[in-house]
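One-based numbering, in listed order, for ligands and for the atoms of each. All values below were derived from every heavy atom in this structure, side-chain atoms included, with hydrogens, water molecules and symmetry-related copies excluded.
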Amino acid sequence: LESAYSQQGAAFPSLDEPYSPGPLNNDATVAATTRLIVAAAHQLIATVREPLETIHDYAPGMYMSASLGLVTDINVPEVLKDAPTGLHVDAIAEKVEVDSGKLARVMRYLATRHVFKEVSPDVFANNRVSSVLVKAHPLEELKTNKVTKYVGATGAAIVGHITDEGLTSAPFIIDYIRDSPKDALAPFNLAYKTKATLWDWYEEPGNEWRGLRFATAMTGGGERFPPTIFTEGFDWKSLKEGSIVVDVGGSVGSVTFAIASAFPHLKYIVQDLAKVVDDPGQKFWQERSPQSISSGAVTLQAHSFFDPQPVKNAAVYFMRLVLHDWPEDTCIAILKHLRAAAGPSSKLIIFDMLMPYACPDPAGGPPPPPAPLLANLGIAIGGFITAVDLQMLNFFNGQERTLKQFITLGAATGWKFEAVNPGPLAALVFSTV
Ligand SMILES: C[S@@+](CC[C@H](N)C(=O)[O-])C[C@H]1O[C@@H](n2cnc3c(N)ncnc32)[C@H](O)[C@@H]1O
């Protein structure tokens, strides 16, 4: 890593400095090397550590969620943004209006795990990790305006979503799996005593700001994946001028933005629930590319994918990270609506993660990493996917699926599997049978 950086005339970024995207941010070799180091370091820790110590580290994982949730909610990274040498916890506590002694304990818990730096006793500064939680508005606005608080701050929005409705629901995973309660869609429904899906719950009075936060989190979730996954996952150039591409459950349309920027000869329709396309959706495009909307190149359309698909015979229907939100029977309903609207040459593209086993897959797959590393590189690759998988269970009884499970879903709904472009987010291409 050091030599790759020095070839660029840059030093490897320091953990003590706030994050800024370096010259090798999207470099595939650097990313692969980083993953190997992370997987090896984590496996080494598990190997050498006393097992009880490992368990004592894992079991209280909820304190990490609670601590991250607190500092994000009360805007600590924002307060530290303009104090590169750090601030005494008394000064931080005064600005964020909480008890200083308790805040110091949370800050030390996090600094011990490399989120913030304890520069000297009780003096804390942002580091590379905590700095990604800085929000996009002045502190006074953050304190008073819950609705706009997370807008434009994807890292904070992801943490907010996970450590608020996610953390509240997670303990109910135990009851949900052990007792299989018949009338609960997911652990979330047990926790909040509601029959509403998370999406409907976001529309209830008092929760709208959480829905908005989720939309911001999704934009950030999307930025995690290089745009080449979408632009190279399918041969968009082969489509005729003016062909229609539908982004189903597209949220604000961040994938469409990546594809439309590279392939302006196509017409795009981003569909999502009215709340999403009308507000954050319009804002997203007004900020990035208002001419795409005014020229008609991109249309935002309120549509539920449980209703018949209004755009018939599109060249492509695609979905990113939609099917993982839903259990099998619901995915089948969504895919059948698309199949009913499809024409003979329509394609379906599913951008979703493929669940990798922690052991070699007897059915094949990419070459395994060097022994004795786990086949899914442990926390370096499998860590994120298995966490999102449990998150999908937590909120929706959804799941991350293996390639075989996607092919089966397609076959059950009239979509024939054609090809897969693997990667951090796979692009699975289907055609009509
Ligand atoms: C996990 S997000 C993915 C968003 C987007 N595809 C992306 O990758 O940025 C799932 C999306 O499904 C949308 N959604 C939920 N229920 C829906 C429905 N019945 N019809 C259309 N969209 C829906 C949500 O509003 C949310 O934007």
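Neither the backbone nor the side chain of M319 comes within contact range of ligand 1; no heavy atom lies under 4.0 Å. Within the 4.0 Å heavy-atom criterion, neither part of V248 lies near ligand 1. Contacts of W199 with ligand 1, taken as heavy-atom pairs under 4.0 Å, involve the side chain alone.
Considering H337, M218, H303 only, the shortest heavy-atom separation from atom 2 (S) of ligand 1 involves M218. Between atom 16 (N) of ligand 1 and the options F305, F395, F306, the minimum heavy-atom separation is to F305. Atom 10 (C) of ligand 1 has its nearest heavy-atom neighbour, among V322, T256, D325, in D325. Nearest to atom 27 (O) of ligand 1 by heavy atom, out of D272, V277, L323, is D272. Within the set R320, Q301, H324, E203, the minimum heavy-atom distance to atom 8 (O) of ligand 1 is found for R320.
Considering backbone and side-chain atoms alike, V276 places every N or O at 3.5 Å or more from each N or O of ligand 1.
In summary, R128 and D16 do not engage in a salt bridge, as defined by a charged side-chain N under 4.0 Å from a carboxylate O. Classification of D279 and K275 as a salt-bridged pair fails, no side-chain N sitting under 4.0 Å from a carboxylate O. A salt bridge is defined here as a Lys NZ or Arg NE, NH1 or NH2 lying under 4.0 Å from an Asp or Glu carboxylate O, and D73 with K149 meets this definition.
Against a heavy-atom cut-off of under 4.0 Å, G250 is close to the following atoms of ligand 1: 5 (C), 6 (N).
Ring orientation note: the planes of Y192 and F188 are tilted relative to one another, at an angle of 30° to 60°.
Every residue meeting the ring pair (Phe, Tyr, Trp, His ring centres under 6.0 Å) condition with F234, not counting sequence neighbours, appears here in chain and number order: W236. The salt bridge (Lys or Arg N to Asp or Glu O under 4.0 Å) check on K81 picks up E78, with sequence neighbours excluded.
Aromatic pair F214/Y202: centroids less than 6.0 angstrom apart.
Every heavy atom of K275 sits 4.0 Å or more from the atoms of ligand 1.
Within the cation-pi definition used here (under 6.0 Å to the ring centroid, within 45° of the axis), R213 qualifies as a partner of Y150.
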